[in-house]
Protein chains: 2
Amino acid sequence: MLAHRLKQARLRAGLSQEKLGKLAGIDPMSASARMNQYERGKHSPDYQLMCRVAEILNMPVSWFYTADDEQARLQEIFYHLDANTRRPLLTQAESLIAANPPSNSSASNGNTAQPTTAN
Amino acid sequence: MLAHRLKQARLRAGLSQEKLGKLAGIDPMSASARMNQYERGKHSPDYQLMCRVAEILNMPVSWFYTADDEQARLQEIFYHLDANTRRPLLTQAESLIAANPPSNSSASNGNTAQPTTAN
DNA sequence: TCACTAAGAGGTTCTTAGCTT
DNA sequence: AAGCTAAGAACCTCTTAGTGA
């Protein structure tokens, strides 16, 4: 996932792998190799570096960790809106979830606070 | 960030560190130590493991990589909405961003596709 | 039972030094 | 110029074994 989003955002910004790496503060000697390794999914960058990359590419960090395209798109939009414009979006989101039953918030495991028989 | 969100979501689900680790497929012998190291920010888990943890805690993975609380909240809500209910939210988002000028999408670096003088 | 930790074993990334397109 | 890679050095995580709340 991260690899794909990285390439997507870098190309949109019109930067080379090496240039992006340098801007993100990577040692210029290894910027090219490292960014290539990340973008091809050979190695994975730590979160701190991704925060700097995200800033440079003007995207929310979490976007790089998002698989679903619709979720990614919403994050991107929200990130680029100013505080006042964000408000109505959040408000609508809150009312939609209130009107729709998420059935149970901590689902998928049969945890109902039983005293844990054995484990 | 990840450390904090992990604790937040785990406590909400009413699971112990060890139990969550086991459910996520970690070797039962080291589940406790590892989850504790992640939650205290001592070490950081790889993305693949976080995907499994996210599923168990019924949250979108990207949520764990989100610093901003409003962004996190929006992601959480969107994730719990069904496809049909997501639609109007995305539509409003798209129209808000269309009405508001993000000034320039790939900002913050002076890149305007010049032939790159030197580097 | 749950949270937490030190420290060595084990596994990953980073750097270097290239080659290819 | 840009993309890409092997392989060892350097670094980080995982496991074990155990303490404290």
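Protein chains get the first letters and strands the later ones, always in sequence-line order, with residue 1 at the start of each. The basis for the numbers below is simple: all heavy atoms, side chains too, and nothing from hydrogens, waters or symmetry mates.
When the side-chain nitrogen and oxygen atoms of Y38(B) are compared with OP1 and OP2 of dT13(D), none of them lie within a distance under 4.0 Å. The phosphate of dT13(C) (OP1 or OP2) has a side-chain N or O of S44(A) nearer than 4.0 angstrom.
The distance between atom CG of N36(B) and atom P of dT15(D), rounded to the nearest whole Å, is 15 Å. A straight line from CG of L49(A) to P of dC11(D) spans 17 Å, rounded to a whole angstrom. Rounded to an integer number of Å, the gap from NZ of K42(A) to C1' of dC4(D) is 10 Å. R34(B) places its CZ atom 19 Å from the C1' atom of dC2(C), with the value rounded to the nearest Å. Protein atom CG of L20(A) is 10 Å distant from nucleotide atom P of dG3(D), rounded to whole Å. In this structure, D27(A) places its CG atom 14 Å from C1' of dA17(C), rounding to the nearest Å. Atom CZ in R40(B) sits about 19 Å away from atom C1' in dC12(D), given to the nearest Å. The nearest whole Å value for the distance from the CE atom in M29(B) to the P atom in dG18(D) is 11 Å.
Nearer to the 5' terminus of DNA chain C, by closest-nucleotide assignment, is the contact made by R10(B) (compared with the other of R10(B) and H43(B)). Residues K7(A) and A33(B) both approach DNA chain D. Their nearest nucleotides, taken by heavy-atom distance, put K7(A) toward the 5′ side.
With hydrogens and angles ignored, a donor-acceptor pair under 3.5 angstrom links the side chain of S32(A) to the base of dC4(D). The base of dT15(D) sits with one of its N or O atoms less than 3.5 Å from a complementary donor or acceptor on the side chain of Q37(B).
Ring-plane geometry between Y47(B) and Y65(B) is classed as tilted, the angle between the planes lying from 30 to 60 degrees on a 0 to 90 degree scale.
In summary, R5(A) and D69(A) engage in a salt bridge, as defined by a charged side-chain N under 4.0 Å from a carboxylate O. Using a 4.0 Å cut-off between a side-chain N of Lys or Arg and a carboxylate O of Asp or Glu, R73(A) and E76(A) qualify as a salt bridge.
Counting only heavy atoms from C-beta outward, the side chains of K42(B) and N36(B) never approach each other to under 4.5 Å.
Judged by distance alone, the side chain of Q17(A) and the main-chain N or O of M35(A) form no donor-acceptor pair under 3.5 Å.
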